[in-house]
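Order of listing sets the numbers, starting from 1, for every ligand and every atom in it. Bear in mind the structure is a predicted one, so any value in this text is a computation, not a measurement.
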Amino acid sequence: MSSVLLEVKDGVGSVVLNRPDKLNAFNREMCLRLQKSLDECAGDSSVRCVYITGNGKAFSAGQDLAEVIGPDMPGFNKILSEHYNPIITRIRKMEKPVVAAVNGVAAGAGANIALCCDVVVAAESASFIQAFSKIGLIPDSSGTFFLPRLVGWQKASALMMLGDKIRASEAERIGMIYKVLPDENFSASAFSIAQFLAQMPTRGLAFTKQALDLSMSNSLEAQLSVENDLQQLAAKTYDSNEGIRAFVEKRKPVFKGS
Ligand code: T3D
C-alpha cells in the first residue's frame with residue numbers, strides 16, 4: 001500500500017496519509033509522495049477542492065523520528081528544503097481550496113501541515129501538539145508563520161514552548177481551526193465540506209486565497225490595490241457572471257470552476 005493515497009471523487013482530490021501503523025509519521029518517501037499527489041491535484045482540472053486526511057487513529061505524528069536517527073537520515077536541511085517546505089508551498093500555491101480533515105492526533109509537522117490549509121476541521125477526539133520543543137527543535141512546516149497569525153503571538157509562543165497537547169474543542173475556541181465535528185461520521189461530514197467547495201466558483205476562491213496570502217505582509221494601501229486587481233479578474237470569470245445572473249433570475253447557480 002502506498003504511504004499516500006489519492007482518489008478523485010465528486011470534484012474532490014482526496015489525499016489520505018497512509019502509514020497508520022506509524023501514526024502517519026512522515027518519512028522522505030511519504031513527503032515526496034504527498035508532493036506528487038498535490039501536483040496531480042493542481043494539474044487536474046476536474047479537481048476543484050483538495051481534501052487531506054489521515055488513515056487510522058492519527059492525522060499525522062509529524063516527522064518519523066526513527067528516520068532522523070536511522071542510517072538513511074536525509075539530513076536536517078533536506079528534511080525541510082526537500083520534504084516539508086515544498087509541501088507547504090504546494091498547498092498555499094494550490095489554485096483551489098485545500099481542506100484538512102484532522103481525524104486524530106496532529107503533532108509537529110503533521111499539525112502545521114494541517115494548519116496551513118484553507119479550511120481545517122477536526123474530529124472531537126482529535127488533538128494538536130507543537131511537539132518540537134520536547135525534542136529540542138523549532139516549529140517548522142510554516143508553524144512560526146501561521147500559528148501566531150491564527151491564535152495570536154502569546155498563545156502561539158506558549159503552545160510552541162510548552163508543547164501542550166490541546167483538544168480539538170480548544171483549538172476551535174482559540175481560532176486555530178475552523179470547526180470541530182462529531183467523531184461519528186466525521187469523515188463523511190468533513191468530506192461534504194470539500195464536496196461543497198468543489199461546486200463553488202473555483203477561480204474566485206483561488207483569488208480569495210491569493211489575496212489572503214498577500215495580506216500577511218502587505219500594507220492596507222497595497223492590499224486595497226490587490227483587492228482591486230483580483231476583483232477585476234474574478235468579475236471576468238464565467239462563474240461570477242453565472243452567480244450574479246442566477247441571483248437576479250432567482251435560480252440556483254451552476255458553477256463550472258472557470
Ligand atoms: O529533521 C527534523 O526532524 C526536522 C523536522 C521536524 C518535523 C517534526 O515533525 S518534529 C516533531 C516530530 N513528532 C513528534 O515529536 C511527536 C512524537 N510523538 C508523540 O508525541 C506521540 O506519539 C503522539 C502524541 C503523536 C501520540 O501519542 P500516543 O500516546 O497516542 O501514541 P504513542 O504510544 O506515543 O505512539 C504510538 C507509536 O507510534 C509508538 O510506537 P510503538 O511503541 O507502538 O512501537 C511511537 O513510538 C510511534 N510514534 C509516534 N510518533 C512517532 C512515532 N514513531 C516515529 N516518529 C514519530 N513522530
Side-chain angles (χ1 to χ4, degrees), residues 1-4 15-35 37-38 52-92 98 100-117 120 122-148 150-151 156-172 174 176-177 180 183 186:
M1 260 299 200
S2 173
S3 58
V4 178
V15 176
V16 180
L17 309 176
N18 189 39
R19 292 183 82 210
D21 53 324
K22 303 283 181 196
L23 300 186
N24 301 320
F26 285 100
N27 59 15
R28 177 173 174 83
E29 188 266 347
M30 184 172 163
C31 285
L32 299 181
R33 276 191 189 272
L34 177 54
Q35 290 172 23
S37 298
L38 293 169
I52 305 177
T53 195
N55 187 12
K57 70 173 195 169
F59 178 78
S60 169
Q63 171 63 35
D64 185 333
L65 295 174
E67 180 183 62
V68 174
I69 55 162
D72 299 325
M73 154 56 157
F76 286 90
N77 177 37
K78 267 194 177 175
I79 288 180
L80 294 196
S81 64
E82 294 184 11
H83 300 183
Y84 296 113
N85 294 354
I87 292 171
I88 303 301
T89 306
R90 278 166 169 77
I91 292 172
R92 292 315 314 157
V98 182
V102 180
N103 52 300
V105 67
N112 290 339
I113 287 171
L115 295 181
C116 86
C117 292
V120 187
E124 58 193 344
S125 60
S127 53
F128 294 82
I129 316 175
Q130 294 293 317
F132 309 86
S133 62
K134 296 182 176 187
I135 52 172
L137 296 179
I138 72 147
D140 56 28
S141 304
S142 72
T144 59
F145 187 82
F146 286 106
L147 194 57
L150 289 167
V151 302
S157 166
L159 287 172
M160 287 170 174
M161 291 195 181
L162 295 167
D164 292 338
K165 185 182 200 177
I166 67 161
R167 297 166 67 93
S169 54
E170 175 69 356
E172 179 187 316
I174 64 176
M176 189 191 285
I177 65 170
V180 178
D183 283 343
F186 170 72

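Residue contacts with ligand 1, taken as heavy atom pairs separated by less than 4.0 Å, involve Asp64 via backbone and side-chain atoms alike. Using a 4.0 Å cut-off between heavy atoms, Phe26 makes no contact with ligand 1 at all. Residue contacts with ligand 1, taken as heavy atom pairs separated by less than 4.0 Å, involve Leu23 solely via side-chain atoms from C-beta onward.
Protein heavy atoms are absent from the space less than 4.0 angstrom from atom 33 (O) of ligand 1. Checking atom 23 (C) of ligand 1 against the protein gives no heavy-atom contact under 4.0 Å. There is no protein heavy atom less than 4.0 angstrom from atom 27 (O) of ligand 1. Within a 4.0 Å radius of atom 43 (O) of ligand 1, the protein contributes no heavy atom. Distance screen at 4.0 Å: atom 57 (N) of ligand 1 has a protein heavy-atom neighbour inside the cut-off. Distance check for atom 8 (C) of ligand 1: a protein heavy atom is found below 4.0 Å. Contact annotation for atom 52 (C) of ligand 1: protein absent (non-hydrogen atoms, distance under 4.0 Å). Within a 4.0 Å radius of atom 13 (N) of ligand 1, the protein has at least one heavy atom.
Looking at Ala61 next to ligand 1, an N or O pair under 3.5 Å apart turns up. For ligand 1, the polar-atom distance check against Tyr84 finds no nitrogen or oxygen pair separated by under 3.5 Å. Inclusion of Ile79 in the set of residues having an N or O under 3.5 Å from an N or O of ligand 1 is not warranted.
Each of the following atoms of ligand 1 lies closer than 4.0 Å to a heavy atom of Ala131: 14 (C), 15 (O), 16 (C).
Minimum heavy-atom separation, Leu115 to Leu150: O-CD1, 4.1 Å. Listed here is the closest heavy atom pair of Tyr84 and Ala109: CE2-CB, 3.5 Å.
With hydrogens and angles disregarded, no donor-acceptor distance shorter than 3.5 Å links the side chain of Ser141 to the backbone of Ile113. Distance alone, capped at 3.5 Å, is enough to place a donor-acceptor pair between the Asn24 side chain and the Phe59 backbone.
Test Glu29, Arg19, Arg33 against Val4 for side-chain contact (heavy atoms from CB on, under 4.5 Å) and you get one pass: Arg33.
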- Task: Report the C-alpha separation of Val105 and Lys165 in whole Å, then their side-chain angles, then the decisive distance to 0.1 Å, and conclude whether the side-chain contact (heavy atoms from CB on, under 4.5 Å) test is met.
- Result: CA-CA 9 Å; Val105 67; Lys165 185 182 200 177; 4.3 Å; yes

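Between His83 and Asp140, every side-chain heavy-atom pair lies at or beyond the 4.5 Å cut-off. No side-chain heavy atom of Asn27 sits less than 4.5 Å from a side-chain heavy atom of Cys31. Using a 4.5 Å heavy-atom cutoff, the side chains of Asn112 and Phe145 are not in contact.
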